[in-house]
Amino acid sequence: MQATVFLAFLVQSLIQLPQLVGDELDEATHERMKQREEQLSQEMARLLQEMERRNLEQSGFAWGALLFSALQQWQFWAVAGVVVLLFGLCRWLRKRNDQPDSSSDEESSSSDREHVQDEGEEDNDDANDMGRFFEEHIRWPVQDLAADCLTVKDLVGNFILVFRALVSNSLFPELQSAIGVGSAFEGWSPREEDVIYRVLVPMKPPRSHTFHLEQCDGGEKMARKFHIRVEQECTCMRERLVGDMVCFLHNPEEALRRNKNHSLLGTLCTGFYLDTQKTARWIHQLVRAAWVLLPQASRCHLKMLPCSRSCNFQVTKPDGKRIIIEIVSGLQQGNSDIFVTSQNTEAVFTPSTVWLESCAVAEVKFFKHVARKAPCDSFHLKCLQLCAYILVGIGFSTYTLKTVVMHLQNTLPLSSWSRREFTTRLQDIMDYLHRCLEEKCLNHFFFGNENMPEEIILPPAFQTAEPRNLFQHLVQDPDAHAEALNEFNELQDRLTRLLFYGR
């Protein structure tokens, strides 16, 4: 009962409190407030005494009964309702203040869900990425072509510097800076054990001499052949004005005496034509003589290899890795990317005075162009490397497959050579080759090709020429055509086995 009275006074005070705030207080009101305050104080003191006494007399069970009795009174429920409302209001205000943080959390949570979803999509994409599967499944040759190409270019560059010092003020050809050519410098190679690092060293005629290209009569249409005719020039005017040289044309004995009896026509030529084999042996001797002067000689080992039309040697690095280098000499056609070179031919016999037309420099520039334009995950070199790998023992040459790939690169968007479309591009290569075999026509990439990158410089004769058919021999020989179709079927079977079994 005492608790009920206390709660009643408390509710009454809460109800009347707003009236006391804001109204003017008269004397009667002050008196009533004073009396009520005294009553409340007395009642509070009595209630506290009563509670202490009951706490000493009664057990815990009595406390439960008292609380249960109080809960049965409506006044208690009224106050409890007010407290609950106040508590709810405070909680709502706090939640409203925390709303920005909650929104930020929701955004973060949403971002996390999107990130997880994206990762899931990437995982699904990876699962459907057959290019990645084949990249990991196929046993690719273990190569580091880029690093080895830099090593070769540095080594041959040092050689050229020493060569120039050894033959300065002589009547031997002037050797220009080397140009890396061939599959290794294009960024691919079918087998690690077959990598040959080929460099082309252009030559210029020595003083008082000129080089003239003469196309051979009856040469094969697809492999143009040239002679390099060496002619002497009159330098009498310079001899009179400058006096630093003797005219070799009009004073050959004096010129030979000053040049230690070494003349270009007498050393590197057969008749009036520059000889590929004599030139290769001359460069071979220069390599042997210059090696001891190179910084690489202190940590690497040089082994000279047999040479015919080009100079070949092997360098063993400190880690035991062997690098085979081939130096091919050549002459540039005008200011173009086409050269005549001393490179070896597939013919049974080629006269030593015959030099072959080569597009090797233009091909390297084309692959560099593709590398700049293609996506970072481009698989065009992997496609070429894999196709060349399965050619072993089959009549098709790697140059045939490379020509097919270059044609496709020049027609298909370079973005379509990504890893994801690896198998599609391989099938495109096979389809293109099969179509060319059926039609007995595969055009040379550089002759008559109007869709050529601007950085590749071709002679005018190339730009206006009719396309040259690399499969012309199939037109003339039906048996060879039938055999080529059979070999294509074998090639297709090898590709299928390689993709499924990795070998």
Side-chain angles (χ1 to χ4, degrees), residues 171-176 178-179 181-182 196 198-206 209-232 263-287 305-312 325-364 397-400 402-403 444-447 458-462 465-466 468-470 472-473 476:
L171 297 178
F172 288 104
E174 297 178 9
L175 302 179
Q176 307 301 302
I179 305 172
V181 295
I196 296 178
R198 183 176 295 114
V199 293
L200 170 63
V201 178
M203 300 183 298
K204 287 187 176 182
H209 292 75
T210 58
F211 290 157
H212 297 279
L213 288 178
E214 296 180 358
Q215 187 171 352
C216 300
D217 294 333
E220 296 179 11
K221 185 177 180 181
M222 289 317 305
R224 295 204 303 175
K225 301 175 181 178
F226 291 84
H227 292 303
I228 300 178
R229 184 179 178 86
V230 179
E231 296 182 354
Q232 298 174 344
S263 69
L264 178 58
L265 287 172
T267 54
L268 302 185
C269 295
T270 298
F272 293 99
Y273 298 102
L274 198 62
D275 192 294
T276 58
Q277 295 181 2
K278 292 179 180 180
T279 303
R281 286 195 294 269
W282 171 60
I283 297 178
H284 186 277
Q285 294 171 357
L286 288 176
V287 169
L305 302 176
C307 65
S308 176
R309 297 174 59 91
S310 59
C311 174
N312 302 281
I325 302 173
E326 178 185 7
I327 297 180
V328 178
S329 54
L331 183 65
Q332 186 178 16
Q333 295 190 33
N335 65 340
S336 71
D337 296 321
I338 307 301
F339 289 74
V340 294
T341 70
S342 64
Q343 67 186 40
N344 293 318
T345 68
E346 298 179 356
V348 177
F349 172 75
T350 302
S352 61
T353 56
V354 171
W355 298 69
L356 302 181
E357 189 172 60
S358 172
C359 301
V361 175
E363 291 164 5
V364 170
S397 66
T398 56
Y399 191 78
T400 297
K402 185 167 77 170
T403 301
H444 192 284
F445 182 70
F446 292 101
F447 282 93
L458 299 177
F462 272 63
E466 291 292 328
R468 295 189 174 184
N469 184 11
L470 295 179
Q472 184 63 35
H473 64 288
Q476 302 168 351

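If you're wondering where the values come from, they're calculated on a predicted model, not measured in any experiment. For reference, positions follow the sequence shown, starting with 1. What you see below is based on every heavy atom in this structure, not just the backbone, and it leaves out hydrogens, waters and symmetry mates.
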Calculate, to the nearest 0.5 Å, the distance between atoms CZ and OG belonging to Phe339 and Ser329 respectively.
12.0 Å
On the 0 to 90° scale, with breaks at 30° and 60°, tag the Phe172-Trp282 ring pair as parallel, tilted or perpendicular.
parallel
What I want to check is whether the side chains of Asp275 and Ser352 have a donor and an acceptor closer together than 3.5 Å.
yes
Show the nearest heavy-atom pair for residues Asn312 and Cys307, with the distance to one decimal.
ND2-CA, 4.0 Å
Correct closest heavy-atom pair for Ala280 and Cys311 would be O-CB, 4.0 Å
Backbone N or O of Leu274 within a donor-acceptor pair of the Trp355 side chain at under 3.5 Å?
yes
With distance as the sole test, does His227 use its side chain to make a donor-acceptor pair with the main-chain N or O of Thr353 at under 3.5 Å?
yes
Only one of Gln332, Glu357, Arg224 passes side chain to side chain contact (heavy atoms under 4.5 Å, CB included) with Ile338, and that residue is Glu357
Contact between Leu213 and Gln333 at the side-chain level, heavy atoms closer than 4.5 Å - yes or no?
yes
State whether a side-chain donor-acceptor pair under 3.5 Å links Thr403 with Thr400.
no
Please report the closest heavy-atom contact between Arg309 and Thr341, naming both atoms and the distance.
NH2-O, 4.4 Å
Side chain to side chain donor-acceptor pair (under 3.5 Å), paired with Ser310, selected from His284, Glu326, Gln343
Glu326
Please confirm whether Phe462 and Phe446 have ring centers closer than 6.0 angstrom.
no
Residue list, salt bridge (charged side-chain N to carboxylate O under 4.0 Å, His left out) with Glu231, at least two apart or on another chain
Arg229
